[in-house]
J.: 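The structure follows.
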Amino acid sequence: MLYPEQMSRLLITGTKDQMGKVIAELHRRRLFHIEDFVGQEEYDGFKIGMPLEGATEASVDLLKIRGAATAFGVEGGASPPARRVSSGELRRQLETELPELDAQADEMVTRRNRLENRARELETRIAELEPFTAFPVDLDHFRGYESLAVFTGRVPADVAIEAPHEKEYAGGRKGGFLAVFTPKEHRDAVERQLQEAGFAPVALPAESGPAGDAIARYRAELADVKKELETIDRQLHGLKEIHSSFLLAADELLSADVEQAEAPLRFAVTDLAFVAEGWVPTEAVSEITASLEEATGEKVHVETLPVDYENDQVPVEFQNPDFAHPTEMFMDVYSRPDYREIDPTLLVSIVFPIFFGIILGDVGYGLILLAISLMLRRFLMTDGWKQFLDNMRNASISAIVFGVLYSEFLGFALPWDPVIFSRHLNIGGGAHGHGPDAASLLIVAIWIGILHITLGRIISLINHARMDHGTHRTKAMIAQTGWIAFMWGLLLVIWSIFPIPLMFDLTRIGDVVALGMRPFGIIGIALILYGMIAIGQENALELVEAPTVISHVLSYARLVAVGLSSVAIAMVVNYISIGMMIEPALKNLTPVAIVLVIVGIVVFLIGHALNTALGILGGGLHSIRLHYVEFFTKFYKGGGLKYNPFGMKRQYTTEE
Amino acid sequence: MVDVSTAVMTVEMIEASQAGLKAVGAGLAVGLTGVGTGIAEMSIGAAAVGATAENRDLFGLALIFTVIPETIVIFGLVVAMLLLF
């Protein structure tokens, strides 16, 4: 439970003619994590295998299927299909339908592209012609002169030209359009003057006849093209409806084919034999051995190899009770556990919702979050989302429980007094009461920190005992006891100097012995000294880290601080919306008062929506951060290899 | 001759201003340490995001580096709470 699934290293050998059968069987079982052959030393004389027969054909077909799927806009993964197709049937269908489907998709895409290009071209033409609509003359009049130079282009404002010329100007809001005709000998002078006026030349479109006529012609053609494009899109959509399930199923089938056909690239082979190395969960070894022998008629040899934990990268698969599965997401975000260390998923799955509840602790917000998580669970079907929403569900249930204990509902008090500590603040004019038990809550948070961190150090002690060897192991273990001693020594010293509510009061036990300390204080100092020596003997530099003992423990104060701030926001929202707007308005119902009531309701809704969002962020992020930073840094190494068995989860097709 | 009621009022005023100054102090403690933490986390955070974008495995380490300066604001928070309650 606290460790990952136990793995065994398996070696499969056989003659090459059995390779296909072995691969098919492994793919079907989905248990074998292949260790890639990269020319390891012990495999002298072996080389990397060649893909199975049919790999190229399957790849080509897969490309065609994916091309058609892209053309029709088919997307998988939305929801699992109602019925799974049998692979044999699908193969027959592929042989008859794929060429036709491919040709159809190809033709449609080509036609669509051609039309799109034409539409773009027409739009450019129209844009080019547009300025010339200012002059309702044949465009041919702008060119073809022997003695005249013609300038056409945009200017910010009308220009006065000091040279013999003929000018047409059409003004607009953003500058105007200008056409200037001038004898060739004055060309340079006119050009210079135009440039000084900010003239930007516009090339004359290769058209004849008035610009307006040409534009009308092109607009008509563009409309036709667009209509045709729409028809094609409708057809594509229709084809998507028809072929969607076939394409998804074929994609899956062919992907599986390609995966299997390319598996030998990860095996070691000789001319006649092959060797596959990999990992399977220990409890599945006999099952997979039996099934392989059955599939090949006992023509392969399967052997369990000894595991060398120092050098082998053992793939890691979580092994947790059902309720802890969603939390595996948080572990994978951080890093998958190493094969031999304690997997803290179970601890996180219990402690994370509790932290969340302590921070949010409100029946109202808890119910809102619970409703959101249950509702989204129906639409978001991917594994990641499912895990996330399940975590949210657990956390919001915990928030409801703590809300009952704190007696809070959207910042209001429930009809009973807080069972544990009160977080009700004195907000608003008529507020009275003794205020929040902030000091007590703070001390409880510190206690949680002390125990959580001590637990982390104990886990670290166990990890070092299991994973390390020789003197390093002893030193590391002593250092961990040193950290625990250092922290508790510090606590003893503090307790024997200051009486703190909810903590042990050691100030009155015994007389002052030495250094102004009572007996427990002396014990504390001894523990601190031992701790420093124990930490220092492993690595003297670690002593620099000693103050983190204090900062990490105090960091748990956020459990209270973030929670109190969320309560404060809720109460302020209630006070502004109800106390300041709705209540006074209801006393004297005038038209203005009714508007005020509506505004009050809006403020109430927006305020609490905002605070719900803050509640997820504050509660979730701070809880997980306490785990990642304060808890995990004490013991967690991570960096484990994800167990990724060869095979695939079939969604659309059945096995052959 | 000092009026007794004046004296009582003076004491009340002093008490009120003391409470106010405590609140100001608490506010400064959280606010200034928050600014300090923000400035410190600014460059670490940018580098951490960059590193994580290049290599997802660095997320845990990047997060830890990023939140190291948070100690400052936690101390500010604790001081504020001790002042207020």
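As a basis for the values below, the full set of heavy atoms in this structure was taken, side chains included, without hydrogen atoms, waters or symmetry mates. Here the structure is a predicted model, which means the values were calculated and not measured. In what follows, every chain begins at residue 1, and chains take the letters A, B, ... in the order their sequences are listed.
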J.: Could you check whether atom CZ of A:F388 has more than 12 heavy atoms from other residues, nucleotides or ligands sitting under 6.0 Å from it?
T.: no

J.: Among B:L61, B:L63, B:I64, which has the most heavy-atom pairs under 4.5 Å with chain A?
T.: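 Heavy-atom pairs under 4.5 Å are most numerous for B:I64.
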
J.: With only heavy atoms counted, which part of A:T633 is less than 4.5 Å from chain B, the side chain, the backbone, both or neither?
T.: side chain

J.: Please name the pair of heavy atoms, one in B:F59 and one in A:Y334, separated by the smallest distance, quoted to 0.1 Å.
T.: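 Closest heavy-atom pair between B:F59 and A:Y334: CD2-CA, 4.1 Å.
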
J.: Side chain, backbone, both or neither: which part of A:L554 has an atom under 4.5 Å from a heavy atom of chain B?
T.: both

J.: Answer with side chain, backbone, both or neither: which region of A:R625 has an atom nearer than 4.5 Å to a non-hydrogen atom of chain B?
T.: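 Only the side chain of A:R625 comes within 4.5 Å of chain B.
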
J.: Does A:D417 have more than 12 heavy atoms from other residues, nucleotides or ligands lying within 6.0 Å of its CG?
T.: no

J.: For the CH2 atom on A:W447, are there more than 12 heavy atoms of other groups (residues, nucleotides or ligands in this structure) within a distance under 6.0 Å?
T.: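 Yes, the 6.0 Å shell around CH2 holds more than 12 heavy atoms from other groups.
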
J.: Would the number of heavy atoms belonging to other residues, nucleotides or ligands and lying under 6.0 Å from CZ of B:F65 be above 12?
T.: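 Incorrect, the count does not exceed 12.
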
J.: Where do A:V333 and B:R56 come nearest, in terms of heavy atoms and distance?
T.: O-NH2, 4.4 Å

J.: Would you compute the distance between atom NE2 of A:H622 and atom CD of B:E70 and round it to the nearest 0.5 angstrom?
T.: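 If I round to the nearest 0.5 Å, the distance is 7.0 Å.
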
